[in-house]
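Below is one structure, written out as C-alpha cells, with a few remarks after it.
The figures that follow rest on heavy atoms only: side chains count, while hydrogens, waters and symmetry mates do not. Numbered from 1 within each chain, the chains take letters A, B, ... in sequence-line order.
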Protein chains: 2
Amino acid sequence: MQRILLAILSAFLVFGVPNQSHAETGYDLWLRYAALESGRRAAAEGVVKSIVAPGRTATADAALSELQRGLAGMLGHGVARTSGIVDGALLIGTPADAPEIAALRQPLVALGREGFLIRSAVVDGARITIIAANTDVGVLYGVFAFLKRVQLGKPLENLDIADKPKLQLRVLNHWDNLDRHVERGYAGWSIWDWQKLPGYKDPRYTDYARANASIGVNGVVLTNVNANAEVLKPEWLVKVKALAEVFRPYGIKVYLTARFSAPIEIGGMKTADPLDPGVAAWWKAKIDEIYTVIPDFGGFLVKANSEGQPGPNDYHRTHADGANMFADALKPHGGVVMWRAFVYAAENAQDRHMQAFAEFQPLDGKFRDNVLVQVKNGAIDFQPREPFHPLFGAMPKTPLMMEFQITKEYLGFATHLVYLGPMWEEALEADTFRPARGSTVAKVIEKPVAVTGMAGVANIGSDVNWSGSQFDQANWYAFGRFAWDPGASAEKIARDWAGLTWGNDPALVDPVVAMMMGSHEAVVDYMTPLGLGHLMATGHHYGPGPWVADLARPEWNPVYYHKADAGGIGFDRTRTGSNALSQYAPQVAKVWGDPRKVPESLLLWFHHLPWDRKMQSGRTLWDELVIRYDAGVDAVAAMQARWDGLKDKVDARRWSEVRDFLGIQHQEAKWWRDASIAYFQSISKRPLPAGHAAPPHDLDWYKAINNRYAPGQGR
Amino acid sequence: MQRILLAILSAFLVFGVPNQSHAETGYDLWLRYAALESGRRAAAEGVVKSIVAPGRTATADAALSELQRGLAGMLGHGVARTSGIVDGALLIGTPADAPEIAALRQPLVALGREGFLIRSAVVDGARITIIAANTDVGVLYGVFAFLKRVQLGKPLENLDIADKPKLQLRVLNHWDNLDRHVERGYAGWSIWDWQKLPGYKDPRYTDYARANASIGVNGVVLTNVNANAEVLKPEWLVKVKALAEVFRPYGIKVYLTARFSAPIEIGGMKTADPLDPGVAAWWKAKIDEIYTVIPDFGGFLVKANSEGQPGPNDYHRTHADGANMFADALKPHGGVVMWRAFVYAAENAQDRHMQAFAEFQPLDGKFRDNVLVQVKNGAIDFQPREPFHPLFGAMPKTPLMMEFQITKEYLGFATHLVYLGPMWEEALEADTFRPARGSTVAKVIEKPVAVTGMAGVANIGSDVNWSGSQFDQANWYAFGRFAWDPGASAEKIARDWAGLTWGNDPALVDPVVAMMMGSHEAVVDYMTPLGLGHLMATGHHYGPGPWVADLARPEWNPVYYHKADAGGIGFDRTRTGSNALSQYAPQVAKVWGDPRKVPESLLLWFHHLPWDRKMQSGRTLWDELVIRYDAGVDAVAAMQARWDGLKDKVDARRWSEVRDFLGIQHQEAKWWRDASIAYFQSISKRPLPAGHAAPPHDLDWYKAINNRYAPGQGR
C-alpha cells in the first residue's frame, strides 16, 4: 500500500508542476476561482457536498457548468452531482424544477425575471443550500453571486440573500468597426472576428458572455455608434446571429447600431426621411428580417445628427420622429431603441453644454414607450470630471438611460490606473432636485417607466487581459455592478473586485482599494483640476493640448473650454455667461452659480475667475492650480510606492505589468503637469509657487509632441 | 507514514486539478514541453541528472532558463544545477566556460559563430552530455535542438551531433504599420504595442524571441516595407531600442524599413536623390544616430520604386545607386541593406513577369558587398504556385536573398490549412542551370558571398495562437528551418512540427503530416490550377475574382494573367508571346517553352492553349480544369475526414478550432471552384464533364460578393 501510494505521489510530483508558460495573464478576470486557503476550503466543502441541478435549458447548463468550474478551481476538486436532496446539497433551479424551490413561492415572486435568492434550509432533516429564481437566468446570476461569496471567503451558513437588478437594460456599447478597429479602444482589436464568423465561434466569446453574466450585463451593442449600414445586410446578420447564439444562454441579447441613412446606402432609396412611408416600410421590413434571423434581437442604438452622423434633422424632423419610426417597427418584436442625446450642431453658437438639453428636453412625452434616451453622465463628453447632465430629471415622461464610458478615452487610455467607480458614484449620487431634493441621478434613471437602463462604452479588446490593463478590468466590473444597482458603493465594488482578482489577503486588498479609490482624483488633478475640462490633444485625445485653438469648430478647441486669458481662467456658465446653469433646477443653479458655494472641484466649469482670486486654502487660484497639478503627479508616485510594497503578494507577471504601467502613468502625469503649467503660465504670467519646479522644457517643446499613431482614433 | 503519504497525496489531489481556463490555446507553439510518457521520461532522466551551465551572459542565462523550463515541463520536475562535472551532467557552454568544452577545439572551429554540437562523453569516468558552441548564441541553438530531441522522444545516448546554419541572415519581415495594422496580417493586430513602448515590454516579446531562436531566426524587420519615415525619429528609436533589448539575448537583431523619401519627410530636405551629397550625409547622420541607440542594429530593408513607393528612379538613379548610399553609411557599423527586387513600373507594357529581371540583372556587380538583393520566390507575387524567379542564378556577383511569404495573402488567409513547406521546397529545389545543371535555387542563395540570407514575411499577430490558426504556426516553423538549411525536407519539418505541436503518437503524427503534405496542392487546385495565377479579388485578395478587368493598371487585373478567351486560356510567355522564358537559362526555357514538356502544373503560366487541347490524362484542357477545381475541393473534404478521426487524440479546444477552420476552408474552396467555373464556362462555352455539378449560382451572384472589410488590406 505504501509503495502504491509512493508511486501515485511521485506521479503527482512529476506531473503536478504547472507549466510556467501559464502564468497569470489576467485573462481569467475576476473569475479566477483560485484555490481557497484550507480553512475556507473546509467550510465550503461542508456546505457544498453535492450539486442538485434539475434544470435542462442551455442557461441551466451554463449555470451548472459555471458552478462546477468555480468549485473545482476553489476547492481543488470536483463536486459530485446528485439527483435527490441529501445533506450538504446545493440545489439550483426554478420553481418548475424542484418542489423545494416551488415552496419558496412568496419570496420568489418579488424577484421578477432576473432576481435570485440564496437560502440555507433544512429539508427532511437535510441541511441544504438553495439558489432559486423564477428563470434560469436568475439562477445563473445566483450561481455567480454564490461563487463570489465562496471566493471572497464570506460565510456560507444561514444564508438568506435576495437580490435583483434595479435597471432592466444593462448594456455594453462596443464602438467596434467591421474592420475590427475599435474607436476609443485601448485593448487591441475588436474581439469580434467578423471574417471567421459564423464558421468559427472563438471560445473567447463564451468567456466574454460568462464575465458579463457574472456582473449582470444583459445586452451588448456589437457595433460602433458611428455606424455602418453594411452590418444590416443578410451576409452580416448571419454573423450577428452566431454571436447571439453564444450569448443567449447567458441571458445576453445582441443589439446593433442603426445608421440612419441605411435606406439610402443599402436600400437604394432616395431619402431616409423618417416620415416618408417608404422609409418606414423599409425599416419595418429590415427589422422583421432581423427578427427572423435573431428572434430575441434587442434593438437599435442610434447616434443621429451628431458629429457628422445622419439623422432626422437632415429632413427637418425631430429626434422623436426618428426614434419613433424605429420604435414602431421594433415594438411588435419586443425590441427597444436607445437614442443618444449626445448632440451638438455643426453651426450653433450656443454653449455646447446646453445644446442637448435644448434639443431634447422639449421632446419629453413625445417618444414611444420603447424608446430610451441615452444620456452621457455629463453634458460635454466623458471628461475626467463633469457635473451631471442637466437632462437628468428634466424629462420626467421619458426613460433616460445613463451612458458611462468605461474605456478611458479622456482618462489616460489603458496604462493609467484610474478606477472609475468614484466618478460614476459621484454622478449617480448627484441631486437633481427634480422634482425635489433627494431626486438623485440614480433615482431618475431607476424611476418606474416602461423600460430602464444603463449603457457603458466597453473597454474590451483582443488583448489577453481583455481591457488593456489589469486595473481596467475593474471598470468593466464596476459598470456591471452599478448597472445592477445604481446605488451601489464604489468602495465596496472595489473591495469585491480586488479580492476576486488579486486575492483575499487584507494586506493586499486594503492597499489596492486605497490606490483605486484615490486614483480618480489623481487623474483629475494632473489633467483637468478645479473644474477644467476637454484640454486633451486633438483627435486621439492622448496627452495635453490646452493650447489648441485652430480647429474648425470652436467647441473642438480646448481654448473654448478653459478660456484662459490675462484676466483669469474658466468658463462662465452663469447668467453673466452662457447661463447653462439655467438648465438645472434652481436649487442646483443657485449653489453652482455662486463661486463661493460651488465645490472647488467644479469651480472653473461654471466660472471665469481672476488668477489671483483667493481659494479656500488661502492661496491664489493660480498657485492652487499649480499645486493641484503637482498633487496629481504625487498621487501617482504614491500609488507606485504602494504597489512596490505588494511585490511578494502578487504573481510576478501581473505585478510587473502594473508596475510598468504605473511608471508610464507617472511619466505621462508629469507630461500633463509640465505641459499644462508651461501653457497656462504663458497666459497667467505669474511665477510658480515656491517649491514647485518649472517645467523642464519650454512650451514649444510640448506643443511639438505628435502622437499621430496613438490607438483608438475615430475613422 | 501511510497517513502522511495519504495526506500529501490528498493535498495533491485537491490542488493538482489544472484550472480549466488554461486550455491549450496554441500560445505555446512548438515549445509546449508537454510531459513525456514514462518510458521516455525515464530515459531522459537518466541522461540529464543535473545541469552544468557556467556561462554568465544574458544569452547564456536565456539558454539555461529555456533548458530548465523545457525539462521541467517534459519531466514534470526541475533538474538541479551543479557546478562540477558529475555522472549524468548536461554541460552547456563555450570553450571559455569549461575545459571539457575547450577540449572540443577541432570540431568546434568548423561550426562558426552560430553552430553547435551535442555530444555524449565520458569525463573522468562520468558519463555526461555536452552542448557546446563557439558563442552563447550557438549554445542557445544547441539547447533548443536538444530539447527538441527530448520532446520528440529521440535517443539521447551516444550523441554526436553537429549543426550550423547555411545562411547568415534568417530574417522575419513584419509588414506592421505604426498604428498596429498589419498589411496582409490575418492573425490580429501587430504584436508591437508601440504606444506602451518603451515603458512596457510585453512578456510576449520574450516568447516571440524564444520561438524565433528555437528555429534559428536571427533578425526581425519590425516595420512594413511600405514604409513610414516616422519610425526613424528619436521618439520611435527608443521604442525600437526596447525591443532590441528583449531580442538581443536570443541572438536576434532588429532591422527597420527605410522610406526612401525620409530626408524630405522628416529631414526637411528638398530632395532624396541618392547622389546628392546632402542626402547621403543626412542618411549617414541618421544611421550613426541609430547605432548610438542600438549598437547592434541590423540594417535596412528597402522597397523602392515599387507600387508607389519612392526610390532612386525618381531621380533617374539606379537601384544600385540607392542601395549603395545606405550601404556605405551602414558599413562602418556592420549593417546591411536588404533591397527588394519586387518592382514593376507604373507605365511599362512589358510582361510584369520580366520587369524585375530587366531592371536588376544588369546591375549585377554594381552593389556594395553589404547589400543583399531580396528576391521573391516567383516573378509575380506569392501566388499559390509560381515558377522560380529568373533572377536566381542570373546575378552571380550579387548576394541574392530569398523572400518567402509566410502569411497567406494569396492562399486562404489564416483559416485555410495550407502547409507551405512543399511549395518552398519546390522553389528551393528548382534547377536554375546557372551556371550549370544542379545549380538549384537553394545553392544559388547559399553560394559563398559576403553575406547570405532568407526573409519570410511574417504571419504573426496578436491572436493568442500567434499565427491566426494552429496550422499556420507550422509555416513560421518551417520558414526558420528552411532559412537554417535551404536543403531541408518539407516532410521532415512537418513531422518534427507535428510531434512538437500535437504529440508524438504516430497515429496522430502520420495523418497530420499527410494532411499538411497534400494541402498545398489542394489550394493550388481549388484556386489556380494548371499554372494559372493571380485570380484573386481586388485589394484584399480574399476569394476569387477572375473576372476583374477594370483596374487602372493592366497587370492588376486577373484577366491579364489568365487571358481566357474563346480560343483558349493561359499566358503565352514563349517566343510567340512575351518571351519571359528568355530570362531563364536555355535548358529551362527549352523545357518550359514546350507545352508537351512543361509540367502541367505550370502549363498555363507559360502557354495559351485551346480549350480542347488534349492533356496527359487524355481529357481536354477544359475538362481537366474543372476536374482540378473539384479535386481541390475534394482534398479539403478528405482533410476534414482525417481530422474528424483525430478527435480523441487532440485537446478539445485546438481540435474544435481546426475542425471549424476546415469547415470554412471547405466552404471557401467550393466558393473558389464554383465562381471560377462559372466565370471560365462563360468564356469556354463548354459543358461541364459528366459527374461535375454546375455552380449553384450564376456568375453575377459570385461577382456581387463584396468582402470590403476583409482583414489585412494595404493602407
Side-chain angles (χ1 to χ4, degrees), chain A residues 1-2 5-6 8-9 12-23 27-28 31-33 35 41 69 72-73 75-78 177-180 186 188-189 194-196 199-201 203-204 207 230 413-415 462-464 542 653 656-657 660-661 663-664 667 705 707-711, chain B residues 1-2 5-6 8-9 12-23 27-28 31-33 35 41 69 72-73 75-78 177-180 186 188-189 194-196 199-201 203-204 207 230 235 413-415 462-464 542 653 656-657 660-661 663-664 667 707-711:
Chain A
M1 170 69 175
Q2 194 164 312
L5 278 172
L6 269 170
I8 299 174
L9 179 54
F12 269 92
L13 282 167
V14 166
F15 287 108
V17 178
N19 190 326
Q20 293 173 56
S21 67
H22 293 149
Y27 182 84
D28 294 333
L31 301 174
R32 286 167 63 238
Y33 302 131
R41 190 180 73 244
R69 172 202 287 255
L75 305 180
H77 57 81
N177 292 344
L178 302 184
D179 66 359
R180 297 187 73 181
Y186 313 106
W189 248 13
W194 293 114
Q195 192 236 342
K196 300 197 186 81
Y200 175 64
K201 296 173 182 175
R204 190 159 189 161
D207 289 328
E230 289 285 311
F413 292 13
T415 41
S462 62
D463 278 5
V464 67
Y542 179 41
R653 175 165 166 158
S656 302
E657 181 186 313
D660 292 348
F661 282 23
I664 292 171
Q667 199 168 31
I705 293 172
N707 286 300
R708 70 188 74 189
Y709 300 106
Chain B
M1 171 67 173
Q2 194 165 313
L5 278 173
L6 269 172
I8 299 174
L9 178 55
F12 268 92
L13 282 168
V14 166
F15 287 108
V17 177
N19 189 326
Q20 290 174 56
S21 67
H22 293 150
Y27 182 85
D28 294 333
L31 301 174
R32 286 166 64 237
Y33 301 132
R41 189 179 74 244
R69 173 203 287 255
L75 305 180
H77 58 79
N177 292 344
L178 302 185
D179 66 359
R180 297 187 72 182
Y186 313 106
W189 248 13
W194 294 113
Q195 192 237 342
K196 299 196 187 79
Y200 175 65
K201 297 173 181 175
R204 191 161 188 160
D207 289 329
E230 290 285 311
E235 60 265 37
F413 293 12
T415 40
S462 62
D463 278 4
V464 67
Y542 179 43
R653 176 166 166 157
S656 301
E657 182 186 312
D660 291 348
F661 281 23
I664 292 171
Q667 199 168 32
N707 285 300
R708 70 187 74 189
Y709 300 105

Which portion of I664(B) sits near chain A, non-hydrogen atoms under 4.5 angstrom = side chain

Distance (rounded to the nearest 0.5 Å) between F661(B) CZ and K196(A) NZ | 5.0 Å

Residue selection (most heavy-atom pairs with chain A, distance under 4.5 Å) from K201(B), R204(B), E230(B), Q667(B) = E230(B)

Who passes side-chain contact (heavy atoms from CB on, under 4.5 Å) against D660(B), sequence neighbours left out?
-> Y200(A)

Can you find a pair of side-chain heavy atoms, one from Y186(B) and one from Q195(A), that are under 4.5 Å apart?
-> no

Most contact-rich option vs chain A, by heavy-atom pairs under 4.5 angstrom, among S462(B), G663(B), P203(B), is P203(B)

Proximity breakdown for N707(B) and chain A, heavy-atom pairs closer than 4.5 Å = neither

